[in-house]
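On a predicted model such as this, the values are computed, not experimentally measured, just so you know. All values below were derived from every heavy atom in this structure, side-chain atoms included, with hydrogens, water molecules and symmetry-related copies excluded. Order of the sequence lines fixes the chain letters, A, B, ..., with proteins taken first and strands second; residue numbering starts at 1 for each chain.
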Amino acid sequence: MPQTSEDDLPEQLRIRREKRAAIISRGFDPYPVSVPRSKSLKAVRAENDGLEIDIATGKIESVTGRVIFKRDTGKLCFANLREGEGTELQAMFSLDKVGVESLERWKSEIDLGDLVSVTGEIITSKRGELSILANTWQLAAKSLRPLPVEHKPMSEETRVRARYVDLIVRPEARSMARLRPAVMRSLRDSFAARDFIEVETPMLQVMHGGATARPFITESNAYDMELFLRIAPELFLKRCVVGGIERVFEINRNFRNEGADSSHSPEFAMIESYEAYGDWNSIAALTKSLVQEAAMAVFGTHVVTHHDGRTLDLGGEWREASLYELISEGVGEEVTPQTSYEELKLHATKLGMKVDPKWITGKLAEEIFEHVTEGQLNAPIFVKGYPVDTSPLVRAHRETPGIVEKWDLYVEGFELATGYSELIDPVVQRERLVEQAQLGAKGDLEAMQIDEDFLRAMEFAMPPTGGMGMGVDRLLMALTGLGIRETILFPLVKPEE
RNA sequence: GCGUUGUUAGCUCAGCUGGUAGAGCAGGUGACUCUUAAUCACCGGGUCGGGGGUUCGAGUCCCUCACAACGCACCA
């Protein structure tokens, strides 16, 4: 949008600035400190529901709203006012109520997008529309920019870059902005009902850990040192568990310096939760409750309807299947954790996959899994038992060799959450972190660093624990069927210039 | 990071093999006391993303930069 000198503005912006100046020169204030408002539009609608046609209620109210539709006919003018969450009310301005001067000012000074206060009687029009018939009106704030066309959707980019306009114009934007906090509240209620304690752990970290990802690097002037924006809260939440906060969770932002696409944002909200004396099964049950209770809280049902009309049933028991069973199904032959790299590679080639020589055996198995289940895992499913060599921080499966007690929850074809029986042996933990650090020394930018303080905490003994992580943005995607940028009010976008 | 496609009025878009820019809504002026995507008449509005090149002539062809969407890679 152009930000040039006053006299070089596009016509529509120039005219609105001129109107603002004209209002001032006539002795009115385009930005008054307060305006009359006795009730919200929502309250007026609620209290006057179901009136017959052409009724005068005798009730005088003052309402405010943004002018989103304006019909200036000769001596009786109509406007639709809209308030924050989308409630609308028609305002009527008749010559015999407001007088010539005020009616002419309404026609010439007020544009679409202006905020106004209208005082008058609540009536229904001859067409039955609930309206406020103005006795007086006042500008609450002049909009210097025109609103986009209501009936043609703004382009995706304009919506993201000007979310404030999107919120004014598009019902889905308004409902998403309110859906997200409702889901947050539900999640916190679900945790509270189970005696989980919410904590806030550092976002600025001296070392990054708890996940394999590239961090954002920043710098502290006061300490004259490099700091990392956290990629996960895991290592601090585990410190909490060591300290006896047996049921703990955090809902907050993580930052990963990686690619961004329709399901990845550089900053994303995540839930992490740990349950002492629980395991991957108890934490899976918790995860299912969190999702189902959120669906119930915001939609009143476990069968959620997406914006395009498709439905998704999140209710009941969810399917569980082992990773290697699903792979076996997919390739039509039995594949186990013991299946050799060469055999896996044969399967992969047969499936037409290109095999990256850097992949280790477990990674290859996971890649085959993703290939054969692509676009299939729509209904919620816990995929259980991942290869040991790709999950360095997870406890080995208690019965089956070669796999760990880790599940991934898939919904709508994407990974919504992951859960583990946590590794609690500090000696093994140290060995795994040392391996990671060696990878880091070799140039793997995603490898974890050795967090000595975390290891010291573990050496004080962490109880057997189940842990999970779930993307909040992704939960909203599962509930609504929208892309991640739609679930975030202000996703990162590069400046236009 | 690589590849493909796109960027034209405030908004949403059209613009053919290169010939000097169009629509709808929005805006301005006027008419209308029951409109509701109001209607009718008239009128204005553009450095066609930035820069460079080819050409008598570029919104259109070529190069380059910026931004975006989609695909691939990485990841939740």
Check every strand shown and say whether [X] touches a base, only sugar-phosphate, or nothing at a heavy-atom separation below 4.0 Å.
{"X": "A/Lys19", "value": "sugar-phosphate"}
{"X": "A/Arg161", "value": "sugar-phosphate"}
{"X": "A/Met470", "value": "nothing"}
{"X": "A/Asp473", "value": "nothing"}
{"X": "A/Ser155", "value": "sugar-phosphate"}
{"X": "A/Ile15", "value": "sugar-phosphate"}

Check your understanding: Would you call A/Glu435 and A/Arg432 a salt bridge, taking side-chain N to carboxylate O under 4.0 Å as the test?
Key -> no

Exercise for review: Before accepting this row, confirm whether a basic side-chain N of the pair A/Lys142/A/Asp114 lies closer than 4.0 Å to the acidic partner's carboxylate O.
Suggested key: yes

Name the pairing partner of [N], where a pair is Watson-Crick or G-U wobble with both distances under 3.5 Å, or state none.
{"N": "B/C13", "answer": "B/G22"}
{"N": "B/G1", "answer": "B/C72"}
{"N": "B/U55", "answer": "none"}
{"N": "B/A31", "answer": "B/U39"}
{"N": "B/G45", "answer": "none"}
{"N": "B/C67", "answer": "B/G6"}

Exercise for review: Report the distance from atom CD1 of A/Ile123 to atom P of B/U33, rounded to the nearest whole Å.
Suggested key: 17 Å

Check your understanding: How many Å lie between CD on A/Glu157 and P on B/U5, as a whole number?
Key -> 19 Å

Practice item. Report the residue (A/Asp111 or A/Ala79) whose heavy-atom-nearest nucleotide on RNA chain B is the more 5′ of the two. Key: A/Asp111

